[in-house]
Number of protein chains: 6
Amino acid sequence: MTAFGVEDVVQALQAVRQRWREGQHRSLDQGERELPDREALADIVGTLKGVLFPMRLGPPNLRQETENFYIGHALDASLHALLAQARLEFHHKARHGPRDHDAIEARALAVMRDFAAQLPEIRSQLDTDVLAAWQGDPAAGSVDEVLLCYPGIQAMIHHRLAHALYRLELPLLARVIAELAHAQTGIDIHPGAQIGGSFFIDHGTGVVIGETSVIGERVRIYQAVTLGAKRFPRDANGHLEKGGARHPIVEDDVVIYAGATILGRVTIGRGAVIGGNVWITQDVPAGVRVMQAESRNEAVATPGVSP
Amino acid sequence: MTAFGVEDVVQALQAVRQRWREGQHRSLDQGERELPDREALADIVGTLKGVLFPMRLGPPNLRQETENFYIGHALDASLHALLAQARLEFHHKARHGPRDHDAIEARALAVMRDFAAQLPEIRSQLDTDVLAAWQGDPAAGSVDEVLLCYPGIQAMIHHRLAHALYRLELPLLARVIAELAHAQTGIDIHPGAQIGGSFFIDHGTGVVIGETSVIGERVRIYQAVTLGAKRFPRDANGHLEKGGARHPIVEDDVVIYAGATILGRVTIGRGAVIGGNVWITQDVPAGVRVMQAESRNEAVATPGVSP
Amino acid sequence: MTAFGVEDVVQALQAVRQRWREGQHRSLDQGERELPDREALADIVGTLKGVLFPMRLGPPNLRQETENFYIGHALDASLHALLAQARLEFHHKARHGPRDHDAIEARALAVMRDFAAQLPEIRSQLDTDVLAAWQGDPAAGSVDEVLLCYPGIQAMIHHRLAHALYRLELPLLARVIAELAHAQTGIDIHPGAQIGGSFFIDHGTGVVIGETSVIGERVRIYQAVTLGAKRFPRDANGHLEKGGARHPIVEDDVVIYAGATILGRVTIGRGAVIGGNVWITQDVPAGVRVMQAESRNEAVATPGVSP
Amino acid sequence: MTAFGVEDVVQALQAVRQRWREGQHRSLDQGERELPDREALADIVGTLKGVLFPMRLGPPNLRQETENFYIGHALDASLHALLAQARLEFHHKARHGPRDHDAIEARALAVMRDFAAQLPEIRSQLDTDVLAAWQGDPAAGSVDEVLLCYPGIQAMIHHRLAHALYRLELPLLARVIAELAHAQTGIDIHPGAQIGGSFFIDHGTGVVIGETSVIGERVRIYQAVTLGAKRFPRDANGHLEKGGARHPIVEDDVVIYAGATILGRVTIGRGAVIGGNVWITQDVPAGVRVMQAESRNEAVATPGVSP
Amino acid sequence: MTAFGVEDVVQALQAVRQRWREGQHRSLDQGERELPDREALADIVGTLKGVLFPMRLGPPNLRQETENFYIGHALDASLHALLAQARLEFHHKARHGPRDHDAIEARALAVMRDFAAQLPEIRSQLDTDVLAAWQGDPAAGSVDEVLLCYPGIQAMIHHRLAHALYRLELPLLARVIAELAHAQTGIDIHPGAQIGGSFFIDHGTGVVIGETSVIGERVRIYQAVTLGAKRFPRDANGHLEKGGARHPIVEDDVVIYAGATILGRVTIGRGAVIGGNVWITQDVPAGVRVMQAESRNEAVATPGVSP
Amino acid sequence: MTAFGVEDVVQALQAVRQRWREGQHRSLDQGERELPDREALADIVGTLKGVLFPMRLGPPNLRQETENFYIGHALDASLHALLAQARLEFHHKARHGPRDHDAIEARALAVMRDFAAQLPEIRSQLDTDVLAAWQGDPAAGSVDEVLLCYPGIQAMIHHRLAHALYRLELPLLARVIAELAHAQTGIDIHPGAQIGGSFFIDHGTGVVIGETSVIGERVRIYQAVTLGAKRFPRDANGHLEKGGARHPIVEDDVVIYAGATILGRVTIGRGAVIGGNVWITQDVPAGVRVMQAESRNEAVATPGVSP
């Protein structure tokens with residue numbers, strides 16, 4: 001007998017798993033893991049950061065005159081590692097029917113080629129994000145400080161990589177990469193969101209940007225801003241309808257201050273300014289400033305005592 | 001002489017520690033560390049995740065046909081590691097009086113047996129949480145994505161383990177496990193909170209659930225929801241009264257949207273819906289929808305210029 | 001040819017970097033990395049935590065009777081490691097002009113000596129923070145639990161170290177240390193903020209404290225509190241003016257509840273209490289309690305159905 | 001230009017590799033590594049030692065009451081890891097012709113099953129080796145000391161595993177495992193050697209046992225003993241003839257003292273004793289003691305001075 | 001069913017272990033590991049090397065002005081780690097009878113104190129060994145090179161530590177430490193051997209020094225020298241008699257060249273020189289040079305052909 | 001007081017170090033470590049092996065089509081790491097006089113360039129060594145097995161790198177690299193030895209090749225062969241004369257069988273064959289076979305009993 005009744009717990013856990021697997025119509029007793037791996041993706045993204053910004057996010061002992069060697073090697077290694085994860089996702093997606101292994105392999109290879117080809121454009125866009133942060137924050141000391149320190153930039157590096165994978169029909173890999181940034185920064189951007197250049201998120205904790213959001217150029221948002229869905233329509237069986245445009249469109253040059261909540265497929269017009277903590281569920285015309293009604297500032301002040 | 005005056009700093013730091021220890025009535029010069037270790041608990045929880053969900057959170061090369069071997073070994077190892085941490089907490093709790101080593105040892109062993117026996121039920125409950133997320137989020141692609149990616153599920157795995165330890169009178173271990181989830185997800189659930197099955201937290205950053213909260217079945221909450229205390233009564237000496245029911249009761253099938261704040265020992269009745277950013281300090285009857293007063297939506301829109 | 005066109009991607013990435021470097025007037029093809037390293041600073045801060053609190057945040061096998069040996073060795077090693085990072089920042093700052101290597105070296109050494117000499121005072125202040133948490137939270141079981149578990153304390157350890165470096169004109173190192181805490185706790189304190197003793201942040205996720213904030217003694221704040229800037233003045237060229245006092249002054253004994261937002265160079269007078277979610281842009285006199293106007297609690301309750 | 005002319009060295013190294021690959025008729029520019037990996041095999045053997053001797057070479061925190069869980073998990077994991085290495089060797093062997101992937105896979109699986117089934121017998125034989133060491137060395141304090149400390153036992157664990165793989169036609173994996181022991185112990189046993197039970201090698205440094213050696217039961221040898229080949233016949237083209245019995249047969253109960261050299265397909269008869277440093281190239285009858293001729297002891301002693 | 005029949009192998013291995021444990025009169029199904037741990041001892045010895053030679057074998061970033069801090073901390077940590085291993089050996093030794101836990105604990109503590117107190121003398125002796133190597137090898141460039149590179153010095157650091165433990169009745173710990181050096185250097189010194197100061201082993205591979213050897217001051221030996229036992233007396237039951245002086249005494253200032261073999265309790269007198277490959281089983285008077293008889297040089301040279 | 005009197009031991013160790021440093025005329029209380037680091041060199045050599053043989057000793061996931069990227073990056077990184085070690089050695093060498101930092105730096109850079117430029121030739125020579133092993137050992141299955149498994153090849157990779165550094169006046173780095181191979185393989189080649197192409201060492205344990213040895217093309221040696229010095233002349237002060245040709249010259253196509261000892265500046269003529277265990281202190285003409293005199297085979301065989 002073991003000290004803690006391990007044998008019994010093992011049996012009981014097996015019974016629970018069996019129930020779950022039956023409920024989910026999964027294989028009951030055979031097979032290896034077929035899901036992408038969070039740790040592996042964290043390593044891949046870490047390497048891709050060095051590929052994109054070798055002298056600032058690459059290995060500390062890198063020298064500029066040989067950075068292409070590093071990039072070539074690190075890129076090739078991380079693409080092959082990502083290929084393995086892509087295979088897992090494609091197999092997982094195909095798990096309910098017959099699998100065409102050759103087709104999956106061909107597709108995974110094609111996807112990796114496409115993804116690799118997009119990296120220079122991704123770096124280009126990220127450069128505009130870095131400049132936007134440097135220009136938009138009076139506390140920023142240099143573009144290097146922005147890249148090293150700003151959680152908004154970390155979140156956007158993850159997002160621009162994740163969004164490319166999302167469009168290449170690898171939504172699970174994309175989601176894991178997005179959640180790695182969420183855990184690190186408190187910024188939760190669904191990989192489906194479309195975000196233009198020169199995007200700046202300041203502070204960032206609590207930001208939520210939903211799957212079908214569309215954001216233009218030179219938009220600036222602050223901590224705890226939500227671009228969310230207003231309601232979740234259900235189908236005839238009472239199940240949620242998945243997909244469907246349900247998050248805001250934010251046009252160019254909009255600023256959204258901290259804590260503002262914008263819900264539903266509304267449009268915030270070009271150059272609009274949304275004040276802190278404002279709650280928006282309807283379209284806002286271009287160029288308009290939306291602030292809290294006066295009652296919001298009528299906080300009641302009463303003489304008190306320090307606690 | 002050292003370059004940075006290290007000897008002097010060492011002496012000065014010792015003087016500060018001495019003052020603290022005198023103030024705290026601690027031993028001044030002897031003894032080894034008697035506190036649980038955050039890193040050790042992080043490892044233990046990491047292993048227990050694999051014990052609970054072997055094919056999705058266990059080691060990447062695990063195969064289903066031999067998962068019981070893995071579970072048995074990993075469970076036994078992590079229970080013994082947890083036993084060592086439990087001993088530390090029991091000794092720490094007993095530090096002000098005479099210690100009965102045999103009694104502490106017997107109790108630590110008994111607690112581990114109880115904890116192990118609860119694991120199958122914990123897995124069962126977590127299965128309902130996973131299903132609730134899958135059914136409650138239109139962006140969720142599969143139950144596997146939920147388990148791999150959703151911070152709310154990570155927080156609930158930690159919480160259900162931590163709550164079991166909290167009830168077994170290991171509140172410090174429980175708290176460390178809760179804070180590990182808080183750091184990772186931005187979701188801060190006190191291990192004392194009682195939470196029913198099929199609980200779903202979406203996005204999650206900024207959620208706070210207080211120690212004496214009671215949550216029913218099939219409750220759904222969003223980011224930045226607070227279930228907090230309203231006031232902190234003090235005793236005759238002006239010290240806070242510790243313990244005492246001071247957080248909300250949330251009945252079955254309640255939905256609480258993002259940013260809502262519910263304070264004090266109030267009851268949110270079965271099936272109620274609490275709108276985003278709403279501030280509640282009184283009971284809400286069953287089946288009622290509480291939304292912001294109109295003034296909340298009277299945001300003032302004025303023509304502006306883009307910044 | 002490589003499988004994924006790596007050679008082409010390498011060339012295209014080089015073209016993008018070239019554009020960036022030209023835009024930033026950086027060297028195009030030579031030189032080694034000259035930026036501080038986030039990982040190195042994380043290690044240094046991790047060691048300094050053990051130096052400040054050897055028996056609770058130091059190595060698990062430390063014994064009190066020999067803690068000074070540990071402190072002396074760990075302190076010396078981490079100061080030399082920090083010296084290397086300080087050199088990098090001073091060189092980076094001087095990158096646009098001729099560099100006086102000897103002057104940089106002398107200054108880096110002097111700064112390290114100053115920083116080391118401040119550590120005992122930093123520990124002293126942190127002791128008051130720990131006591132404040134223990135006295136201010138009814139859920140706190142012991143001062144040890146506070147130090148082990150409370151994210152607010154972790155954030156303050158980082159802040160008090162970072163603030164010392166900020167004052168010693170190492171703002172980039174300071175900022176990285178602050179962001180390490182932000183990533184871990186969701187608490188974003190700019191290293192420039194001046195914060196008195198006995199400061200307590202409960203829960204903490206979403207707290208933002210701006211660069212020029214000034215906080216007195218015995219202040220207590222809750223999650224999602226913002227001490228922010230109200231507007232960002234621009235100079236004649238339309239660029240943001242950097243620097244300049246633009247964040248609140250919070251006097252002694254103030255309490256600020258969750259979600260409150262205080263913007264601009266306003267003063268919250270001694271002993272004032274700011275209610276949850278309140279929005280403040282003007283001075284608050286000493287001793288006053290500011291709560292939401294009634295309309296805030298006029299949430300509209302309508303009979304509904306559970307979703 | 002790089003500091004050290006790296007680009008030129010890269011080109012020159014490529015030219016050398018090209019020459020080698022042409023000379024070896026290898027692919028010039030494509031393909032991934034197809035050789036077994038020394039590090040991977042070191043990990044596998046390390047785990048198999050724990051499978052064979054769980055309480056003495058397994059993880060330090062193992063407990064006897066749950067050792068079967070550990071063994072099942074570790075065995076399964078290491079067999080699958082070994083399977084991957086076996087695939088590499090079979091593919092490498094088939095590299096010059098068309099490859100039947102399915103046949104290789106089927107064979108690799110079959111080989112792993114056979115190998116696994118031999119492990120209990122291998123443990124049984126190793127138990128006799130441990131007892132032989134304990135009984136044969138006056139300095140041995142316990143059977144546990146033998147297993148923990150004696151390099152001869154480490155070498156035999158490697159050998160008995162490697163020999164099983166050698167017989168299963170995986171000579172390259174076998175050789176790597178043998179060389180891992182050689183590097184650790186200085187004992188060089190070719191995996192082809194057939195060695196009976198209760199075999200004891202004392203000290204061991206410099207022992208060489210050739211590929212076609214045959215050793216009986218209860219044989220004991222000391223450091224620097226060689227069981228080697230006498231000559232290497234060449235074929236008509238002047239190439240060495242590979243394979244062919246060319247090393248000694250050592251019958252049961254033979255003892256061979258340190259530094260003795262036995263060369264060629266000779267037979268050392270049952271119970272014979274071979275003295276230290278003796279050089280043997282002919283059969284030795286059973287029961288005979290072979291010592292150095294007297295002249296060996298006629299060392300010339302002359303009055304000298306200490307150097 | 002598992003792919004490789006793991007369940008069956010697990011059962012069969014259990015049966016083999018059961019047979020062994022019955023044969024060895026061990027517990028059949030309970031208990032944790034009670035043997036010292038090779039990895040733990042390797043770490044301890046690695047740290048003690050830094051304690052003894054801080055600026056040459058300590059951490060690379062150590063500075064002389066603070067070396068005492070490092071030594072104090074590292075010494076304390078390694079003594080406590082060694083204490084844990086000592087406890088294991090004392091418990092293992094007492095496994096066949098009733099155990100007096102308090103007595104074992106007291107003894108382990110006392111032994112550690114004694115061991116610690118011997119470290120300065122051990123360093124002193126090692127300094128003489130380093131000087132002997134520097135003076136004795138024309139290829140040695142500096143005393144630092146000797147300490148960094150010479151395997152004989154590494155072996156002697158291990159030996160002088162192991163011998164201290166051997167005398168403190170911890171022969172198993174001592175043996176593991178000796179075997180760590182043997183694996184690294186090919187030099188096999190039994191921890192029981194008594195070795196005077198200024199001892200120099202050049203090259204070292206294949207050296208064997210037996211348990212009861214006694215070596216004087218300023219002795220120099222070369223690779224493959226054996227100081228061994230001549231015969232192994234057995235008791236009435238046919239078992240080897242353990243213990244008993246059976247290895248050579250080598251007096252001061254002796255030199256023994258490569259490959260020489262000296263067997264039995266013979267005495268090599270002060271200042272004697274033993275030539276390469278010589279075989280000695282009798283006393284050698286002081287000051288005498290022993291070389292191979294002429295016949296050793298009568299190698300037969302015959303005209304040959306290059307192979 | 002500490003449990004083990006650590007403070008006293010620290011003081012006593014300091015006194016011993018003080019004595020040593022006074023005796024060695026070293027600085028008594030200041031300064032950082034100025035010696036090359038064994039671990040750093042082990043990493044560098046490990047990387048250089050991958051640079052030389054990317055598809056067989058490089059990272060397991062490397063692909064041939066991108067190997068140049070890897071080589072360029074790994075080579076640049078390891079050359080810069082080696083540069084740091086070279087600086088340490090040059091500074092150490094200059095420790096007794098005034099140091100010209102700029103001259104040392106310039107020289108270290110020049111040496112690295114030279115070393116890098118020799119790598120292609122080193123790879124070329126190693127290719128001949130691999131072929132020699134494959135052609136010379138009937139047990140070798142393929143050239144890949146040779147490179148993966150043969151300790152003689154590992155030793156030669158280290159030697160050819162170390163010899164290049166030795167000639168570039170970095171004898172200490174060279175020696176550390178040689179000792180890394182010695183520890184791994186039991187083959188002790190002084191980095192000063194000059195060794196031609198197609199050199200094959202079989203088995204290798206116990207081989208010693210001295211500093212001034214000169215070895216021609218296509219030489220083959222076996223385990224325990226010594227190419228040593230015969231005597232060590234002393235100067236007028238009784239100190240050893242350092243340097244000076246004192247080891248054998250071995251001409252092309254010589255074979256030396258196991259255990260042979262060749263001492264002094266003798267010449268073994270082209271194509272000679274030296275038999276096992278032969279002892280040579282005089283020249284051997286070209287083409288001659290030297291075997292043991294008959295008496296060596298007159299081992300005395302007497303009827304005995306098995307032990």
Side-chain angles (χ1 to χ4, degrees), chain B residues 2-7 9-10 12-16 20 24 27 29-33 35-38 92 171-172 175-176 179 182-183 186 188 190 205-206 208 211 224 226 228-229 232 239-243 253 255 261 271-273 275 278-281 284 287-293 295, chain C residues 51-52 54-56 58 60-65 68 71-72 75-76 79-80 109 112-113 116-117 119-120 123-124 127 135-145 148-151 184-186 203 205-206 223-224 258-259 276-277 292 295-307:
Chain B
T2 62
F4 305 133
V6 165
E7 293 91 343
V9 181
V10 167
L13 283 167
Q14 183 170 37
V16 180
W20 170 265
Q24 294 291 319
S27 156
D29 56 4
Q30 285 265 353
E32 61 188 316
R33 181 163 163 187
L35 283 174
D37 185 63
R38 190 178 170 109
H92 184 251
L172 188 48
R175 183 68 188 263
V176 173
E179 283 300 329
H182 185 191
D188 181 354
H190 194 285
T205 311
V208 175
E211 182 175 14
T226 296
F232 306 102
H239 293 125
L240 284 180
E241 288 177 13
K242 306 234 163 188
D253 298 308
V255 180
T261 302
V273 176
V278 168
W279 179 274
I280 306 266
T281 58
V284 171
V288 160
R289 301 178 71 90
V290 184
M291 309 301 290
Q292 284 292 353
S295 64
Chain C
V51 165
L52 290 170
M55 295 305 294
R56 286 172 288 173
N61 59 353
L62 196 63
R63 270 161 305 278
Q64 201 164 312
E65 58 268 34
N68 276 352
I71 293 170
L75 177 57
D76 190 59
L79 288 173
H80 277 89
L109 283 164
M112 280 307 106
R113 263 192 301 270
L119 289 173
R123 158 79 200 232
S124 252
D127 283 348
Q135 289 160 355
D137 180 10
S142 71
V143 288
D144 299 312
E145 178 184 340
L148 265 189
C149 305
Y150 277 50
Q184 181 73 8
T185 65
H203 307 300
T205 312
Q223 69 270 24
N277 278 13
Q292 285 292 351
S295 64
R296 277 292 272 125
N297 285 328
E298 278 174 40
V300 178
T302 59
V305 289
S306 68

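Chain letters run A, B, ... following the sequence lines, proteins first, then strands; residues in each count from 1.
Both the backbone and the side chain of A116(C) come within less than 4.5 Å of a heavy atom in chain B. Interface residue R175(B): backbone and side-chain heavy atoms are both found under 4.5 Å from chain C. For chain C, the nearby part of V208(B) is the side chain; its heavy atoms alone come within less than 4.5 Å. When heavy atoms are compared at a cutoff of 4.5 Å, L109(C) approaches chain B by way of both its backbone and its side chain.
Put simply, of Q184(C), H203(C), E145(C), R113(C), the one with the most heavy-atom pairs under 4.5 Å next to chain B is H203(C). Among the candidates G141(C), G58(C), P151(C), A224(C), the residue making the largest number of heavy-atom pairs closer than 4.5 Å to chain B is P151(C). Between chain B and the options D127(C), I71(C), L62(C), heavy-atom pairs under 4.5 Å are most frequent for D127(C). Counting heavy-atom pairs under 4.5 Å between each of G186(C), A140(C), A258(C), G206(C) and chain B puts A140(C) at the top. Looking only at heavy-atom pairs under 4.5 Å with chain B, the residue among L79(C), N68(C), T185(C), L75(C) that has the most is N68(C). Ranked by heavy-atom pairs under 4.5 Å with chain B, the first of V143(C), L148(C), L119(C), L52(C) is V143(C).
Taking the side chain as every heavy atom from C-beta outward, S142(C) and H92(B) approach each other to under 4.5 Å. You'll find the side chain of L13(B) reaches within 4.5 Å of the side chain of V51(C), heavy atoms only. Between H182(B) and T205(C), some side-chain heavy-atom pair lies under the 4.5 Å cut-off.
The two residues P120(C) and V16(B) come nearest to each other via the heavy atoms O-CG2, 3.7 Å. When all heavy atoms are compared, the tightest approach of V6(B) to G72(C) is CG1-O, 3.7 Å. The two residues P60(C) and D37(B) come nearest to each other via the heavy atoms CB-OD1, 4.3 Å. Of all the heavy atoms in E211(B) and A139(C), the pair that sits closest is OE1-CB, 3.5 Å.
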